[in-house]
Structure formats: C-alpha cells, structure tokens
Amino acid sequence: MPRPIILDNLGEIKRIDKSDMLSFCVEASKHYGEAAKLAKTLQIDYPKPKTIIVAGMGGSAIGGELLKDWTRDRITTPIEVCRDYSLPAYADKKTLVFVVSYSGETEESLSVFLDALKRKCMIVCISSSGKLREFAEKLGVPSLLVPSGMAPRATLPYLFMPLPIALEKLHLVSDVSSEVSETIKVLKLVSDENVPGKPLNGNFSKTLASAVDGTVPVVYGYGIYRAAAQRFKTQFNENSKVPAKWEYFPELNHNEIVGWENAKELAEGFSLIFIRDPDESIEIQRRIEITKKLVHDEGLRVFEVWCKGKSVLARMCSVICVGDFASVYLAVLRGVDPTPVRTINVLKESLAKTGIKDAVIRELERSGEK
Ligand code: F6R
C-alpha cells in the first residue's frame with residue numbers, strides 16, 4: 001500500500017495524532033473567532049507608544065512576526081520581535097512590550113519581562129499560566145489569560161489576535177472586526193477543503209504532505225507572507241519532526257538561489273514551496289516565475305500554495321492554515337505523533353538545572369517586594 005493512502009484512513013490518523021493536533025487545524029476559524037472575542041477583554045490604558053516590541057520564543061513569538069507583516073503598510077510605529085534574554089537598547093518607557101509565553105515559564109521570556117520592568121516599558125503579558133501570569137498579576141501589569149492545555153503552536157489564534165486588537169485599542173490601527181470576520185469565513189473554507197475526511201485526491205494539504213515526504217521542505221514567502229513562510233517551516237519541524245528551511249523574496253534572490261546551483265543529487269533531498277497570491281505585485285510575480293524556472297532546471301521539486309481571501313489577515317491566515325494541515329499530515333505519513341516536542345522539553349529541563357531561570361525568578365520576586 002503506498003504511504004499516501006494512510007492519509008485517507010481516519011482510524012490510522014487518529015491513532016498517530018494522539019492529542020488531536022488536527023482538530024486545531026479543522027477548528028481554526030472557531031479559534032480565531034474566540035481569540036478575537038477574548039482579546040477584546042484586554043484592559044490597557046497606555047499612551048501611544050513610540051516603538052513596539054513583541055517578546056517571546058517559538059510558538060509564542062510567531063504572532064509578533066505576523067503582526068509585523070500585517071502592520072507593515074499600515075502603521076508608522078516601528079515593531080520588532082525580540083527572541084532573547086534582554087530588550088534592544090532603545091527600549092524605554094515609550095516602548096510597548098508584549099511579553100508572550102504560552103506556558104508562562106520560558107526562561108528567555110521571564111528574563112525579558114524583568115528587563116522591561118527595569119526599563120519601565122509599557123508592558124502587556126499574554127500567557128495561559130506560569131510565573132509570567134503570576135508576576136504580571138502581582139505587579140499589576142495588564143495581562144491576558146489564554147486557554148490552557150494546548151501546545152503553544154496550536155494556540156496561535158490566542159497568542160496572535162490580542163496583538164492587532166491591542167493596537168486597535170491604542171488607536172494605532174482602525175477597527176479590525178471586518179478583517180477578523182472575513183478571516184473566520186476564509187478559514188472555514190480552507191479547513192473544509194483540507195479536513196481529514198476529504199480524500200487525498202482533491203485535498204491540497206494531503207497532496208502537499210505526500211509530495212514533500214522524504215525531503216527537506218523549504219518555504220519561500222515575501223511581504224505579508226514572510227512570517228507565514230516561517231510558520232510553515234516551524235510547523236514542519238515541530239509537528240512533522242523534519243528539518244525544514246524558510247526564506248523570503250527578494251532577499252533569497254541574492255544568496256539562497258546560488259546554493260541550488262549544481263546541487264545535483266543534493267537537490268533531490270529538498271522540496272521548494274512558494275507562497276503565492278493572485279494579487280502579488282508584478283515585481284514579485286516576475287521574480288517568483290524566474291526563480292521557479294531556475295530552481296526547476298537545477299532539478300528541484302517546486303510546489304505552490306495560493307492564498308485565499310481579500311484582507312491581509314485572511315490571506316496570511318489562509319496559507320498558514322494549509323501549512324498547519326500539511327505539517328500534521330506529514331507527521332501521520334511518517335508515523336510520528338505531531339503534538340509532543342520531546343527535544344524542546346529535554347532542553348528546557350536541562351536548562352532549568354543551570355539555575356539561570358531561578359535567578360530571574362528571584363529577581364522578579366525582589367522587584368515585587370519594592
Ligand atoms: C511548542 C512550541 C515552542 C514553544 C517555545 C516557547 O508547541 O511551539 O516553540 O512555544 O518553546 O514556549 P512558550 O510558548 O511556552 O513560552
């Protein structure tokens with residue numbers, strides 16, 4: 001029996017996808033609706049910031065990247081994503097810092113929270129529990145509690161939606177509700193087309209997963225699909241447990257493409273996935289077409305994922321939804337449970353023994369006593 005047939009065996013999918021990661025993809029539209037409702041309850045009373053930083057790691061940071069793409073052509077306030085222990089030098093009391101950590105226990109995020117407190121930044125915390133939640137409450141920092149018990153990357157709607165909605169509350173962007181409504185409709189459409197019950201033939205995510213199976217997926221985005229490409233890559237890593245890469249146009253035309261020159265048998269080990277938009281600019285369209293031909297001639301397999309929807313949010317979320325489905329289907333094909341991230345957990349346990357996180361927590365405790 002060829003491997004892809006597994007993707008049409010619902011019993012087998014359920015057996016492998018033990019924690020039902022697929023249900024988060026299937027119910028993406030419902031989660032975006034609930035996340036937007038929840039985000040509206042966020043209480044913030046800050047003046048307009050000069051700069052914005054979204055601090056977090058992994059599944060808690062990608063929402064910040066999406067915010068950057070989403071706001072790129074609509075606000076003048078610079079936005080940076082900080083995946084580190086400390087904030088960039090410019091961060092001060094005029095900087096709005098979102099500290100996002102799903103578990104509320106991530107060492108880097110707690111450290112950056114401490115740094116933001118020291119610099120008297122305007123802080124908003126987003127978490128489901130943990131020390132971040134505890135200290136935000138204790139120190140009177142505005143925070144949003146998101147539903148617990150999921151894998152951080154599966155809660156993207158809850159970690160991302162509060163960001164644009166907070167900007168709306170601060171009058172940095174106009175009403176986002178119509179964009180959110182369209183996104184919910186588009187996501188329903190995308191998930192209906194990619195649900196496990198929809199056979200391989202006619203199910204784009206299943207087809208993509210079986211096409212890239214056995215290779216390293218490389219995802220190319222651009223503009224509003226820069227973070228979407230990164231999300232594709234990290235979902236292949238964490239759900240499918242495969243190495244993956246991402247790049248974006250036009251930068252990739254100035255280095256990455258040379259790497260495919262004469263790659264010969266190495267090229268067989270990669271699959272290139274281009275994120276496309278029927279409304280992409282002529283500059284990008286030409287680049288993609290020329291690049292596709294060049295890499296195809298070098299022997300690489302090339303695939304395209306087309307966005308759906310009109311608004312920026314809907315278009316970004318539509319491609320992310322396809323990537324999320326494809327990464328889970330690839331896990332099923334490989335016979336691996338998409339949910340557990342053993343290596344991340346082992347690493348976090350080993351790091352905890354170094355005492356660095358405990359030192360940050362002690363400092364946070366002291367700051368609460370002052
Ligand atoms: C796990 C995942 C990871 C975590 C990261 C940070 O699903 O996606 O990338 O998001 O290790 O942990 P949190 O999100 O708890 O701060």
Side-chain angles (χ1 to χ4, degrees), residues 17-25 28 31 35 53-67 81-87 97-116 123-136 141 143-163 227-244 246 320 323-325 327-328 330-331 336-352 354 356-357 360-361 364:
D17 180 17
K18 293 190 189 67
S19 312
D20 212 2
M21 181 64 90
L22 261 180
S23 80
F24 293 111
C25 308
H31 288 300
I53 296 174
V54 183
M57 304 303 300
S60 290
I62 193 71
E65 299 288 358
L66 292 167
L67 182 77
V81 180
C82 175
R83 291 178 166 94
D84 215 324
Y85 284 87
S86 61
L87 294 168
V97 181
F98 292 99
V99 184
V100 189
S101 170
Y102 184 69
S103 62
E105 289 291 346
T106 301
E107 180 175 298
E108 300 92 314
S109 315
L110 289 171
S111 167
V112 101
F113 176 50
L114 178 64
D115 193 23
I123 310 172
V124 175
C125 293
I126 301 171
S127 68
S128 69
S129 59
K131 290 282 172 206
L132 184 63
R133 168 75 183 163
E134 191 185 310
F135 283 108
V141 173
S143 70
L144 188 72
L145 189 64
V146 300
S148 60
M150 311 184 202
R153 60 194 183 281
T155 56
L156 177 67
Y158 298 94
L159 301 176
F160 169 44
M161 285 319 293
L163 307 177
Q230 188 174 12
R231 165 77 175 185
F232 253 77
K233 179 256 181 209
T234 57
Q235 290 290 77
F236 279 131
N237 293 149
E238 292 180 74
N239 288 343
S240 329
K241 279 82 181 167
V242 292
W246 74 285
I320 286 176
D324 285 3
F325 268 109
S327 67
V328 180
L330 183 56
V336 294
D337 184 351
T339 302
V341 283
R342 182 178 44 86
T343 315
I344 298 180
N345 296 337
V346 170
L347 177 108
K348 285 185 178 176
E349 279 161 25
S350 305
L351 278 173
T354 65
I356 293 168
K357 181 173 154 187
V360 173
I361 292 172
L364 280 167

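Remember, it's 1-based here, ligands and their atoms both numbered in the order they're listed.
Heavy atoms of Glu105 found under 4.0 angstrom from ligand 1: none, in either backbone or side chain.
Relative to atom 7 (O) of ligand 1, the option among Glu107, Met57, Arg153 with the closest non-hydrogen atom is Arg153.
Here the heavy atom of the protein found nearest to atom 15 (O) of ligand 1 is Ser103 OG, 2.6 Å. In terms of protein heavy-atom proximity, atom 14 (O) of ligand 1 is closest to Ser60 OG, 2.5 Å. The protein heavy atom nearest to atom 8 (O) of ligand 1 is Glu238 OE1, 2.8 Å. For atom 11 (O) of ligand 1, the closest heavy atom belonging to the protein is Lys348 NZ, 2.8 Å.
Some N or O of Gly59 is nearer than 3.5 Å to an N or O of ligand 1, by distance alone.
Under a 4.0 Å criterion applied to the non-hydrogen atoms of Thr106, ligand 1 contributes the atoms 6 (C), 12 (O), 13 (P), 15 (O), 16 (O). With ligand atoms numbered from 1 in the order given, ligand 1 contributes 13 (P), 15 (O), 16 (O) to contacts under 4.0 Å with heavy atoms of Ser101.
For Ser129, the side-chain contact (heavy atoms from CB on, under 4.5 Å) test picks out no residue, with sequence neighbours left out.
In this pair, His31 and Phe24 present their aromatic rings tilted. The plane angle is within the 30 to 60° band.
In this structure, Val328 and Asp17 have side chains that are in contact, with non-hydrogen atoms separated by less than 4.5 Å.
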In a table with atom names and distances, give each donor-acceptor pair under 3.5 Å that connects a side chain of residues 337-352 to protein atoms at least two apart or in another chain.
from	atom 1	to	atom 2	distance (Å)
Asp337	OD1	Thr339	N	3.2
Ser350	OG	Val346	O	3.0

